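Notes follow the structure.
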Amino acid sequence: MREPRGASCSTGMPVSFAIAEDLNATLIAAAIAAGLADAAAFAPEVRTADPRHGDFQANGVLGYAKARKLNPRAVAEQLIAALPPTTREQFDVSIAGPGFINFKLKPATLLAWLKTYDSVEHLKSGASGFYQGHRHVVDFSSPNTAKQLHVGHIRGMVIGEAICRLLAFCGSAVIRDNHIGDWGTQFGKLIWGFKNLRNDSALATDPLEELERLYKAADAASKENPAILDAARAELVTLQAGDPDNLALWHKINAISSGAFSEIYRQLDIRFDHQLGESFYNDKLQRVYDELREAGLAEDSQGALVVFHPEHPRFKTQPFIIRKSDGASNYASTDLATMLYRVEHFKADAIAILTDTRQTDHFEQLWLTAQKWFAKKGYPLPRFEHVTFGSILGEDGKAIKTRSGDPIKLKALLAEAEERAFALVTEKSPEIPEAERRDIANAVGIGAVRYADLAQNRSSDYVFTWDKILSFEGNTAPYLLYAVARIHSIFRKLAPGAQTPPSSSATVSDRPSESLATAPETDAELALARKLAGFPSTLQLTTTQLRPHFLCTYLYELAGEFSSFYVAEKVIVDDPAVRARRLLLCARTLLILETGLHLLGLRTLTRM
RNA sequence: GCGAGCGUAGCACAAUGGAUAGUGUAGUAGCCUCCGAAGCUAUUGAUCUGGGUUCGAUUCCCAGCGCUCGCACCA
């Protein structure tokens, strides 16, 4: 069991970062101390609670007691009696309903927590225990060369970036890898198109546009004429065999593509440690074929090299094709080689691959194969997570695809977002100079697009509409950015001309007024303070599930609590103690909102 | 045909097996001499159908209906 990460503050009361996790451990200890029958089997199931009941609730007593024909309330009473004095000092503990144990943080505990976790550094050191010592390879974005990025690509990029930041914040060594599709069958078509259909002047004016046209034209031609399809396949085989002409073409096409991708990544503040495309694994495939064959996992079938999984109802007959009958490699071959490389070279103990949910079968087959292969050879087996997300659909309810007409280009989407945001900023804050309004529009527009994707559970599909993705009201980026800007505004009013936002100061000593702060008192103060203390639980939930929408929901609720607090209680008042405690709440709300938004990949503003 | 995912107010979404199913938007009624109204307060309105497991089911299991996707050389 992980050690509770306590830290003490000026009040002397030690308070842990992840309160729920700590309570869970405390209850297990209490079960043993109380001499409960079969105490080792007792799982307290502490989770954040509905504020009407408390801050945290333990649900595990019910199941434990019922299974043993005990009275749940009696068991709960035994547990409470066995709690250490510090727990009773920090919480109001009560039993409710059929046997829930409710924990309500006392105001003094809230104050201690807020004073202890007072900077990004301290939040991070608290969170870093969650994944300390882990090493994640996160494979995301991974577009295909020679196609422009369109709205269908945005989910993987935005969710992937957020997951990387979250895991790193929680202590994992994260390796970001963009597994570019630079070696597949599309290259056969592309090279064939380049050789036979090229328009040189178009290539000079807008190379990426022309490449995309060539691909589409070649794809269409090969669908009509099987001879062209064969010719395209032959070009791919030639390329994969190392033909110098095709290789030179391949380099040229990649360079054009990669420049366009980088521009979008820069706009979205997405970065990679590596961009090892499928081509990188070309010389590592023979080993895969050999080892899988030796291990008795791969067999020849209809001229191709395939893996069946006899124990699986479907994959006993649905093959995992690891080498095509024409000898060329495919997605499966490179993914197997990639899996091994990430373990051998990057020493990954966890691998997360983000793709849309349509690829579920592929990755299930991949993982089944890899497990058997690694076991046979004695390679260390990493944890593997196929992080899926739903498709972005067009108005017709069908997935937006390159092939089906005109998907909206990401470039155009981002430009439109900024333009709409600029119009709004200009309307709301005409007094701000234009250059700054442009900058604000950038943060708001790009933030809105990205937040719209993150705020929704990644599993579900959604229909793309401009108005939805560029909405500026409700659970959206602008609402959150607005709350941040308002808090900055309070501190500006307090200390005109101050350059440093309060959240960046590392220690309490930099902010002498905080030492005057007393425990939260009013309903609005308490509600806000409680929400703030729930941040660690949200981080944990978000990272264990790899679902950023949990963090979005939390931040939205936090911003809502702040807005209510802001209307209900005046911050800049004459009474120094009241003022200090409200300013403390403002400073911590700002800290957690900004930290959370940055983890999601959003840029925050001081005014808008 | 086989398999996977998804069905929650008019629309768009949330609910890590827990207590009275939350929010946005649209609608209705209010709030700017007062730290920023991109805001706040109040209010109307929903779990596809039928079984099962459980102390407890939107959540897990089974069946049906509906939508989407995948299933031999695309990635």
Side-chain angles (χ1 to χ4, degrees), chain A residues 45 47-50 52-53 57 59 62-63 65-67 72 96-100 102 142-144 181 183-186 189 219 233 278 301-306 313-315 317-326 328 330-332 334-335 355-362 364 388 390-391 393 397-399 424-425 427-429 444 455-457 459-463 465 467-468 471-476 478-479 481-483 485-494 537 540-542 544-545 547 549-550 552-553 556-557 560 563-564 566-573 582 586 607-608:
Chain A
E45 294 176 33
R47 48 162 289 175
T48 53
D50 186 308
R52 284 172 298 204
H53 305 124
Q57 62 184 59
N59 297 335
L62 281 147
K66 284 287 175 184
F100 300 109
N102 288 334
S142 307
N144 287 332
W183 204 242
T185 304
Q186 84 272 17
K189 291 176 181 169
D219 187 51
R233 282 187 180 148
E278 292 170 342
S301 173
Q302 300 178 28
L305 188 61
V306 308
R314 214 150 18 97
F315 302 142
T317 53
Q318 182 179 322
F320 190 49
I321 299 170
I322 64 171
R323 191 178 60 200
K324 301 195 283 180
S325 53
D326 60 10
N330 66 0
Y331 200 35
T334 46
D335 274 358
T355 79
D356 69 66
T357 178
R358 288 174 297 180
Q359 299 187 29
T360 303
D361 272 8
H362 167 81
E364 207 179 318
T388 58
S391 309
L393 309 174
K398 305 279 184 187
L424 192 62
V425 181
E427 180 197 324
K428 303 275 186 191
S429 311
V444 171
Q456 186 162 130
N457 189 333
S459 307
S460 31
D461 293 349
Y462 72 83
V463 176
T465 60
D467 287 339
K468 184 171 23 172
S471 164
F472 293 151
E473 288 172 347
N475 185 7
T476 62
Y479 179 87
L481 295 176
Y482 181 68
R486 278 175 130 184
I487 303 174
H488 277 290
S489 170
I490 293 171
F491 286 101
R492 264 199 305 273
K493 180 136 277 179
L494 207 64
S537 295
Q540 235 171 346
L541 179 64
T542 305
T544 53
Q545 311 250 331
R547 291 182 193 274
H549 80 281
F550 286 119
C552 292
T553 304
Y556 177 58
E557 288 169 356
S563 296
S564 302
Y566 182 85
V567 167
E569 317 288 0
K570 189 152 171 66
V571 174
I572 304 176
V573 293
R582 289 185 184 161
C586 290
R607 64 172 178 168
M608 62 190 276

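Since we're looking at a predicted model, the values are computed, not measured. Here is how names work: the chains are called A, B, and so on, in the same order as the sequence lines, proteins then strands, and each is numbered from 1.
If you take atom P in B:U8 and the same atom in B:A46, they sit 14 Å apart, rounded to whole Å. Of the P atoms belonging to B:G5 and B:G17, the separation is 16 Å, rounded to the nearest Å. Straight-line distance between the C1' atoms of B:A26 and B:G36: roughly 26 Å, to the nearest whole Å. Here, B:A14 and B:U58 have their C1' atoms 11 Å apart, quoted to the whole Å. Using P as the reference atom, B:U49 and B:C55 are 25 Å apart when rounded to the nearest Å. Taking the C1' atom of each, B:G27 and B:A12 are spaced 16 Å apart, rounded to whole Å. Comparing B:A15 with B:G56, their C1' atoms are spaced 16 Å from each other, to the whole Å. Rounded to whole Å, the separation between the P atoms of B:A37 and B:C31 comes to 15 Å.
Counting any heavy atom pair closer than 4.0 Å across all strands shown, A:Val306 reaches a base atom. Across all strands shown, A:Ala485 has heavy atoms under 4.0 Å from base atoms, whether or not it also approaches the sugar-phosphate. Residue contacts shown for A:Lys493 are limited to sugar-phosphate atoms, with no base heavy atom under 4.0 Å away. If you check every strand for non-hydrogen atoms under 4.0 Å, A:Tyr479 touches sugar and phosphate atoms only. A:Gln359 comes within 4.0 angstrom of a nucleotide base, judged by non-hydrogen atoms across all strands. Among the heavy atoms of the strands, none lies under 4.0 Å from A:Glu557. Residue-level contact check: A:Thr465 touches neither bases nor backbone, having no heavy atom under 4.0 Å from any strand. Nucleic acid contact for A:Asn457: sugar-phosphate only, since backbone atoms but no base atoms lie under 4.0 Å from a heavy atom of the residue. If you check every strand for non-hydrogen atoms under 4.0 Å, A:Arg233 touches sugar and phosphate atoms only. Base engagement by A:Thr48 is indicated by at least one non-hydrogen atom pair under 4.0 Å involving a base atom. When heavy atoms are screened at a 4.0 angstrom cut-off, A:Gln456 is found touching the sugar-phosphate backbone but no base atom. Among the protein residues, A:Tyr566 comes within range of the nucleic acid bases, having at least one heavy atom under 4.0 Å from a base atom. Counting non-hydrogen atoms under 4.0 angstrom, A:Val463 reaches nothing in the nucleic acid. In this structure, A:Asp335 reaches neither bases nor backbone, as no heavy-atom distance under 4.0 Å exists between it and the strands shown.
Among B:G36, B:C35, B:G18, the nucleotide with an atom closest to any side-chain atom of A:Phe100 is B:G18. Closest to the side chain of A:Ser563, out of B:G39, B:A19, B:C71, is B:G39. In this structure, the nucleotide among B:G36, B:A75, B:A14 sitting nearest to the side chain of A:Met608 is B:G36. Residue A:Tyr556 places its side chain closer to B:G24 than to any other of B:G18, B:G24, B:A19. Among B:C35, B:G18, B:A14, the nucleotide with an atom closest to any side-chain atom of A:Thr553 is B:A14.
OP1 and OP2 of B:C74 both lie 4.0 Å or more from every side-chain N or O belonging to A:Lys189. Proximity of A:Arg486 to the phosphate of B:A37: a side-chain N or O atom is located under 4.0 Å from OP1 or OP2. Residue A:Tyr482 places at least one side-chain N or O closer than 4.0 Å to OP1 or OP2 of B:A38. Considering only side-chain N and O atoms, A:Arg47 lies under 4.0 angstrom from the phosphate OP1 or OP2 of B:G18. An OP1 or OP2 oxygen of B:A12 is reached within less than 4.0 angstrom by no side-chain nitrogen or oxygen of A:Lys468.
For A:Asp50 against A:Gln57, the heavy-atom pair with the smallest separation is N-OE1, 4.3 Å. The minimum heavy-atom distance between A:Val306 and A:Ser301, with the atom names listed, is CG2-CB, 3.7 Å.
Rounding to whole angstrom units, OH of residue A:Tyr331 and P of B:G70 are separated by 13 Å. Spacing between atom CD of A:Gln57 and atom P of B:G17 amounts to 13 Å, rounded to whole angstrom units.
The residue among A:Gln302 and A:Ser460 whose nearest nucleotide of RNA chain B lies closer to the 5′ end is A:Ser460. Both A:Thr317 and A:Lys66 lie close to RNA chain B; mapped to their nearest nucleotides by heavy-atom distance, the more 5′-ward contact belongs to A:Lys66.
For B:C2, the paired nucleotide is B:G70, the pair qualifying as Watson-Crick or G-U wobble because both relevant distances are below 3.5 Å. In this structure, B:G24 forms a base pair with B:C11, meeting either the Watson-Crick or the G-U wobble geometry with both donor-acceptor distances under 3.5 Å. Base pairing of B:G45: no nucleotide in any strand meets the Watson-Crick or G-U wobble criterion (both distances under 3.5 Å).
Base orientation at B:C32 is syn, since its O4'-C1' glycosidic dihedral falls within 90° of 0.
Between the side-chain ring of A:His362 and the base of B:A75, no stacking contact exists by the 5.5 Å and 30° definition.
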Show the distances under 3.5 angstrom between N or O atoms of the protein and N or O atoms of nucleotides 2-5 of chain B.
unit_1, atom_1, unit_2, atom_2, d
B:G3, O2', A:Arg314, NE, 2.9
B:G3, O2', A:Arg314, NH1, 3.3
B:G3, O2', A:Arg314, NH2, 2.7

Table of protein N/O atoms under 3.5 Å from nucleotides 41-48 of chain B N/O atoms:
unit_1, atom_1, unit_2, atom_2, d
B:U41, OP1, A:Ser564, OG, 2.8

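Using a 4.5 Å cut-off on side-chain heavy atoms (C-beta onward), A:Pro98 and A:Phe100 make contact.
Taking the six-membered ring wherever Trp is involved, the centroid distance between the rings of A:Tyr479 and A:Tyr556 falls below 6.0 Å. A centroid separation of less than 6.0 Å is found between the aromatic rings of A:His362 and A:Tyr331.
At a cut-off of 3.5 angstrom, counting only N and O atoms as typed in the model, there is no donor on one side facing an acceptor on the other between the side-chain of A:Ser429 and the base of B:A38.
Under a 3.5 Å cut-off, the side chain of A:Glu364 and the backbone N or O of A:Phe315 do not form any donor-acceptor pair.
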